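Convention: sequence-line order gives letters A, B, ...; per-chain numbering from 1. All heavy atoms count here, side chains included; hydrogens, waters and symmetry mates do not. For clarity, every value in this text was computed on a predicted model and none was experimentally measured.
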2 protein chains.
Amino acid sequence: MTKTLTELRATAPWLLHVSTDIVIFTIREGELRVLLRRRYSEAMSVTCWALPGGYLGPVEPLEQCAQRTLAHQTGIDDVYLEQLYTFGRPDRHPKSRVITVAYFALIPWERVCAESAEGVPHIAWRHVDALPDLYLDHAEIIDQARQRLVSKLQYSTIGFEFMPEQFTLGELQCVYETILGEPLDKRNFRKKVLAFGCVEDTGEQRRNGSHRPARLYRYTAPGEVLYIK
Amino acid sequence: MTKTLTELRATAPWLLHVSTDIVIFTIREGELRVLLRRRYSEAMSVTCWALPGGYLGPVEPLEQCAQRTLAHQTGIDDVYLEQLYTFGRPDRHPKSRVITVAYFALIPWERVCAESAEGVPHIAWRHVDALPDLYLDHAEIIDQARQRLVSKLQYSTIGFEFMPEQFTLGELQCVYETILGEPLDKRNFRKKVLAFGCVEDTGEQRRNGSHRPARLYRYTAPGEVLYIK
DNA sequence: CCAAAAGTGTTGTTTATACACCCATGT
DNA sequence: ACATGGGTGTATAAACAACACTTTTGG
């Protein structure tokens with residue numbers, strides 16, 4: 001029992017290993033983007049783009065592993081995180097058996113820290129419709145995360161996880177339109193959101209360009225995803 | 001590499017192990033019931049009730065593990081099976097670290113085979129509202145499976161997985177009422193189901209008691225769960 | 001005064017709900 | 001003949017979809 005886990009992984013490929021991978025989305029420039037990191041794949045002896053994530057510690061809860069690896073690799077913490085699906089095809093990793101528990105996360109662009117901002121080497125926020133070749137089955141994981149996001153947008157307040165503390169209804173509508181990929185009617189959208197009963201007018205306004213200023217709203221259940229209807 | 005996996009599990013408690021557990025539901029006597037098996041818990045040196053399930057083989061896909069252990073322990077195969085959630089609290093198993101990928105499954109009572117019928121020792125179909133003490137966190141797993149079942153009933157044709165090849169609309173309505181725990185209006189229910197467009201009249205009837213015979217219908221997408229609305 | 005996004009109501013359509021009687025059979 | 005579950009339609013309410021003009025600001 002003197003071997004480290006890393007050594008064990010190398011010497012005992014016939015054992016099962018468990019990892020977590022995190023699909024973290026943001027909205028930027030009218031695009032749904034996902035965070036990728038450049039990593040060296042020992043398995044394939046090349047560097048490639050991959051999701052943040054890593055191996056589960058011996059006494060670590062799954063979600064904590066997701067939080068820890070995300071924070072460690074990208075500096076991001078305190079985001080909405082939800083278990084997505086567990087991927088375990090025996091051949092998904094070429095050198096050993098790795099079961100990965102995928103999580104998906106959302107963050108407002110404003111909260112992306114310097115450590116994973118645009119321009120940082122080894123880090124990229126990529127449009128989900130223009131992904132590079134990805135490590136293992138990470139493209140499949142992202143695809144499934146995206147489907148979950150789209151469907152949860154319909155029956156929950158998950159979209160608010162993309163918003164900063166204060167936001168305008170126009171900004172919120174843009175987020176919905178970006179994720180759904182279709183334009184929405186402004187009046188119907190505002191009516192529906194206000195009917196949720198989970199936004200309040202802050203009384204403040206945002207002046208932003210040569211047009212009428214917009215009211216700023218606040219989500220009244222921050223950090224919580226509510227089910228609607 | 002001469003040790004068996006079973007020996008390894010005993011001698012290397014600091015390694016991670018992966019298992020699957022299956023929550024299989026049926027409808028019987030107006031009750032939603034779940035299949036339990038009596039098992040000896042080495043961890044706790046007692047026998048107790050548990051979900052069917054077992055350890056993942058070294059080169060076995062996750063879903064196949066669920067199918068294999070279910071078939072081996074209960075004789076049941078060829079059922080609707082869907083990944084539910086992965087449970088991995090570090091202390092969920094007292095003697096080693098076991099991550100379990102839970103699946104949920106549905107079967108029409110008519111298809112339950114002799115090997116897991118009522119009266120077979122070590123096997124029980126228990127009402128979900130009257131469960132005995134269960135192994136580890138299996139009560140929590142069942143609870144989550146039940147929530148998933150209820151919500152999927154609203155937006156998919158998952159309820160048909162409880163039906164035999166031919167069924168009456170009255171029987172289908174009973175299934176819905178049992179799962180939802182509330183009575184439904186007969187006319188509205190029939191209207192809605194026929195609007196799904198995935199049942200067809202077989203032309204046959206079922207005479208069953210001293211009243212008018214009922215038409216028999218067939219689900220036109222057997223083995224498939226469709227999303228509705 | 002012009003351009004640009006913010007803000008606001010009404011109407012028609014679709015969907016969901018509530019509700020009561022006759023039918024075919026076995027005993 | 002009667003008890004039992006099978007089968008059917010309509011009227012009301014609620015939810016959703018379509019649609020156009022006025023307001024406020026910066027330049």
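The pair A:R92-A:E140 fails the salt-bridge criterion, with no side-chain N (NZ, NE, NH1 or NH2) lying under 4.0 Å from an Asp/Glu carboxylate O. Checked for salt-bridge contact, A:D129 and A:R146 meet the test: a charged N lies under 4.0 Å from a carboxylate O. Remark: B:E161 does not engage B:K152 in a salt bridge, criterion side-chain N to carboxylate O under 4.0 Å.
B:R187 has no side-chain polar atom (N or O) that falls below the 4.0 Å cut-off from OP1 or OP2 of C:dC19.
Position along DNA chain C of the nearest nucleotide to B:K229 versus B:K186 favours B:K229 as the more 5'-ward residue. Between B:K191 and A:N188, the residue anchored nearer the 5' end of DNA chain D, judged by the nucleotide with its closest heavy atom, is B:K191.
C:dG7 atom P lies 13 Å from atom CZ of A:F189, rounded to whole Å. Nucleotide C:dA6 holds its P atom 14 Å from the CG atom of A:L194, rounded to whole Å. The interatomic distance linking A:D185 (CG) with C:dT11 (P) rounds to 17 Å, in whole Å. Rounding to whole angstrom units, CG of residue B:L216 and C1' of D:dG6 are separated by 12 Å. The nearest whole Å value for the distance from the CZ atom in A:R215 to the P atom in C:dG7 is 6 Å. Atom-to-atom, OH of A:Y217 to P of C:dA6 comes out at 12 Å; the value is rounded to the nearest Å. Spacing between atom CD of A:Q173 and atom P of C:dA5 amounts to 13 Å, rounded to whole angstrom units. Separating the CZ atom of B:F196 from the C1' atom of C:dT15 is a distance of 14 Å, rounded to the nearest angstrom.
Looking at every heavy atom in both residues, A:G53 comes nearest to A:T69 through CA-OG1, 3.6 Å. The shortest non-hydrogen separation linking B:A105 to B:V79 is CB-CG2, 4.0 Å. Summarising the geometry of A:T20 relative to A:C65, their closest heavy-atom pair is OG1-SG, 3.3 Å, with the distance given to 0.1 Å.
Nucleic acid contact for A:R190: base, since at least one base atom lies under 4.0 Å from a heavy atom of the residue. Nucleic acid contact for B:N208: none, since no nucleic acid atom lies under 4.0 Å from a heavy atom of the residue.
You'll find the side chain of A:T220 stays beyond 4.5 Å of the side chain of A:F196, heavy atoms only.
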Short N/O separations, protein against nucleotides 22-27 of chain D, under 3.5 angstrom:
| residue | atom | partner | partner atom | Å |
| --- | --- | --- | --- | --- |
| D:dT23 | O4' | A:R212 | NH1 | 3.4 |
| D:dT23 | O2 | A:R212 | NH1 | 3.4 |
| D:dT24 | O2 | A:R212 | N | 2.6 |
| D:dT25 | O2 | A:S210 | O | 2.8 |
| D:dT25 | O2 | A:H211 | N | 3.0 |

